[in-house]
Chemist: 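Before we start, here is the structure in question, set down as structure tokens.
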Amino acid sequence: MTGAEAANALFVAAIILFAGAMFAYAVEYAFDKRAPKRSKQLAVVGAESTADDGAEIGAPAGEAPISPAAARGAGRLGLILTFLGTAALAASIVTRVVYTGRWPWGNMFEYTVGVALAGMITWLVLVSKGSVPRRLGLFATFAVTMVLGTSVRVYTEAGPLVPALDSYWIVIHVTAAIAASGILLIGCVFAILHLVKRRFDRQVSDGKPIRFPLDVAERLPDATALERLTFKIHVFAFPLLTFGIFAGAVWADLAWGRYWNWDPKEVWAFIAWVVYAAYLHARVSGRSAKANAPWIAILGYAVMLFNLTAVNLVFGGLHSYAGV
Amino acid sequence: MTATLAPPPRSKPKAANRFRAFARRWWHQLTSMRTALLLLLALALAAIPGSTFPQRTISAVDVANYYDEHPDLAPWLDRLWAFDVYTSPWFSAIYLLLMISLAGCIVPRLGVHWKALRAKVPDAPKRMSILPYHRVVAVEANQSMARAVLKQRRWRTTVREAEDGTVTFAAEKGHLRETGNLLFHTSIIFMLVGVAVGSLMSWYGNRILSEDKAYCNNLQQYDEYGLGAWVDETSLPRFCLTLNDFDAQFTNGGPTAYDADVAYETADGSGDYGLEVNHPLNIDGTNVFLIGHGYTAVVTYTDRYGQTQTLHQELLAMDAAMNSEGAFKFPDANVDPETGRVDADAEVGFDAILVPTYDDATAMLLGTDPELNNPVLALTAYTGDLGLADGQPESVYAINEAQVASGNLERVNDQVEVIGLGDAMTLPDGTTLTFDGVEQYAVLQVRHDPGRPVVLAGAILLLGGLLPALAVRRRRFWIRWNPDGTVETAGLNRNDYDGLDEECDELTAAIAPGYEPPPASDSDDPTGSQQ
Ligand code: HEM
């Protein structure tokens, strides 16, 4: 087996492990019914309707095909699989480095794999710090598996780099951008979970029936907690993103003789940065702006994804010689 | 309404007042967070067209192509500054408003922060139990110890003694957050100043330079240049550059390194430098960058009288495999050396494509390998009038199509003729063009931008401010010794902060040895995982 084949085998292993983890988390998410049906403050608001909704939302724990203890076991298995998958992904990248003899961020495929790794590490750090309940790994592994699945579509054979990419500044620049993108991916997941839970809470307090898929939100943590977590993740990632953009400007200055040229990649990085700055402001600009803040965060990630995919594939520009 | 009916002399102060109130209201509006938020989003939106339409400052050629492809739409877009988005009035208006809003936000906050830094820390409320963190300490707490602990941990402390004997220590920490925040916002303005300085005072020139050729730093010798509004072209620094050698390395058909050996000469001396991509040469604050390379074909034309002319002609790469196109022009050929008579169809030109690695096993002319493994020239010859004498600017990279169309320049061979290195193409009149060799050229960009260090300093300050602005938490802590002998401690968050209880418990334990923090209550479940 050549180095490239080994790297690919590890990559496939990582995807399989993450998919397995996703399934295990899903079991925990669905069947670990220790939790009361409603979060605390809502139990008061929606007290009258609890009984009917309870019947609608799921069978009582006793009749579940999987016991809560077994479900928690599945969750632990999911976490182990996540660790293994992350290790496999890291090993795949290291193998590529050894095989190509260069740093691993040379094209869009490698970049995407890096983002997935950064996202998974972020997730594992959050779980091990106890900041998030383990069962939410369902959503994190889902997002990361999607990213990895997409990366396959832009797979590029490991090869040498064009001269302009041969600079330690681009290593710094891309590493920071990858780390920021990975962390923001998890931040975006939490922004979405918050919005879903908020919607769910509103339906409950309005006494409206809750149907699939919104009933999934029942087992999410409290909306306020999700919002604060979203904010914290973004606060952590924003300086990294800022630094990544600056490092890119330093590199552009060395390679092309100008630190900022409004190249499409730069334009969209600027837009993403400004949108995230708007998110941070929205959060302190009063009630209604704060309520919209998670949407701005999601918009920010949409811009990041656009910059990663469409700008590379459609616009071209100086950055496109990084190879698809 | 009454004001408009009032006689003019009396309405004056009123109008002025109203104007002031109006202005104040608008100023308030402009400097509010909500406006900042909207302006930020507007700026993001306004930046988008710059990536969808070609921009003049990046590539004037692309703009011209756009005009060719959309002749009706392009002039309209141009009127909306779609090809100059980042200098357009509407883009400028948004960021200028944002800057004004920013300045209007920073200046008052500077004053407030300055006062806050020197102000006494406010006293705790009478009933400390209303604060988010509150403990009544059962064990003894010593005042001098408390003073030492707070000092050692850098809490700003104000001590108050009431007449009834109550002593309160009010401590505060985390002003660095606002300091960082102000630094961060100020450095945005600072960076913008650097960008403005750059656009007014910078200049650049691009130059294609073949091996063993030299040029000197003045605008006439650049293929393309740009000058800031405040740059005097006669004041450009004096220096000359020679390209001694250029080396491109390839692995598996892809370039991996370019090295240009240059010699430079300034008024103060001379030197050599190994110019590489990402490794510019700095001559007294002016940087020389290697931004590309290409092939120079060396060809010799032998005319009807046996006279030879050798041409070193740079060719432009068409693709990543360095298939390159260009033209060889011999306007002075076929002049009878004895009589000086010029034949009517004397001038000769060739349309040329250089293929670095030609593969005659395939039907394709163009190669896929940029390295010079089997270079060939694909040639089309023309004789007649090249059209160089009419005073119009001429591309050296292409045969003048208008001359061909008008019949002044006649195409000689219908089929493109492919010749290898050392071979010759023979024209019907017996004249020949031999392919003598291939050299390399470097594309250099010379650039001077005095705004760069300002922008860099601004960027460093910005990051230096952003980290504390986001990471530091402002919080207060109070200790009160009541006349009845009990001691209370209390804490308050000024920012979103999870660790307040832990930190305050730890402080309480430090000033009252033996204090046991209560076990964490079940309700402290920030993640909701126990729900
Ligand atoms: C170019 C425009 C601006 C950018 C890029 C920007 C960016 C940022 C960023 C990234 C933060 C987060 C740092 C922190 O939370 O301390 C922030 C915070 C803040 N910004 Fe701005 N800002 C801009 C303009 C403004 C303007 C015009 C105002 C005044 C209305 C303003 C007021 C604030 C305030 C008060 C905070 C602190 C929020 C908090 O309590 O944490 N900013 N800004």
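Letters A, B, ... mirror the listed sequences (proteins, then strands); counts begin at 1. Fair warning: this is a prediction, and the values are worked out from it, not measured in the lab.
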Chemist: Heavy-atom distance under 4.5 Å to chain A: side chain of B:Val195, backbone, both or neither?
Modeler: both
Chemist: Can a donor-acceptor pair be found between the side chains of B:Asn278 and A:Trp251 at a distance below 3.5 Å?
Modeler: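 Distance-only check passes for B:Asn278 and A:Trp251.
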Chemist: Using side chain to side chain contact (heavy atoms under 4.5 Å, CB included), reason through B:Phe289 and A:Arg258 one step at a time and then give a plain yes or no.
Modeler: CA-CA 10 Å; B:Phe289 299 90; A:Arg258 37 175 75 186; over 6 Å; no
Chemist: As an exercise, state the distance from CZ of A:Phe270 to OG of B:Ser51, rounded to the nearest 0.5 Å.
Modeler: 12.0 Å
Chemist: Side chain, backbone, both or neither: which part of B:Asn287 has an atom under 4.5 Å from a heavy atom of chain A?
Modeler: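 Neither part.
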Chemist: Relative to the ring of A:Trp262, is the ring of B:Tyr86 parallel (under 30°), tilted (30 to 60°) or perpendicular (over 60°)?
Modeler: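 Taking A:Trp262 first and then B:Tyr86, their aromatic rings lie parallel (interplane angle under 30°).
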Chemist: Using non-hydrogen atoms only, which part of B:Phe250 is less than 4.5 Å away from chain A: side chain, backbone, both, or neither?
Modeler: neither
Chemist: Taking all non-hydrogen atoms of both residues, which atom of A:Ala278 and which atom of B:Leu41 are closest, and how far apart?
Modeler: CB-CD2, 3.8 Å
Chemist: Return the option, out of B:Ile48, B:Leu45, B:Leu456, with the maximum number of heavy-atom pairs under 4.5 Å with chain A.
Modeler: B:Ile48
Chemist: Between A:Trp260 and B:Val455, is a side chain to side chain contact (heavy atoms under 4.5 Å, CB included) present by the stated rule, with each step listed?
Modeler: CA-CA 11 Å; A:Trp260 196 265; B:Val455 176; over 6 Å; no
Chemist: Would you sort out whether B:Leu40 and A:His281 count as a side chain to side chain contact (heavy atoms under 4.5 Å, CB included), showing the intermediate values?
Modeler: CA-CA 9 Å; B:Leu40 279 170; A:His281 279 100; 3.5 Å; yes
Chemist: Does OH in B:Tyr225 sit with more than 12 non-hydrogen atoms of other residues, nucleotides or ligands closer than 6.0 Å?
Modeler: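 No, the 6.0 Å shell around OH holds no more than 12 heavy atoms from other groups.
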Chemist: Ignoring hydrogens, what is the shortest heavy-atom contact between A:Val267 and B:Ala47? Give both atom names and the distance.
Modeler: CG1-O, 3.3 Å
Chemist: So which part of B:Gln445 gets closer than 4.5 Å to some heavy atom of chain A, the side chain, the backbone, both or neither?
Modeler: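 For B:Gln445, the side chain is the part near chain A, not the backbone.
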Chemist: Nearest 0.5 Å, please: how far is CG in A:Leu254 from CD in B:Glu276?
Modeler: 12.0 Å
Chemist: Validate the cation-pi geometry between B:Arg452 and A:Tyr259: distance from NZ or CZ to the six-membered ring centre under 6.0 Å, angle to the ring axis within 45°.
Modeler: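 Negative - B:Arg452 is either too far from the ring of A:Tyr259 or too far off its axis.
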Chemist: Less than 4.5 Å to any heavy atom of chain B: does that hold for the side chain of A:Ile296, its backbone, both, or neither?
Modeler: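 For A:Ile296, the contact with chain B is made by the side chain alone.
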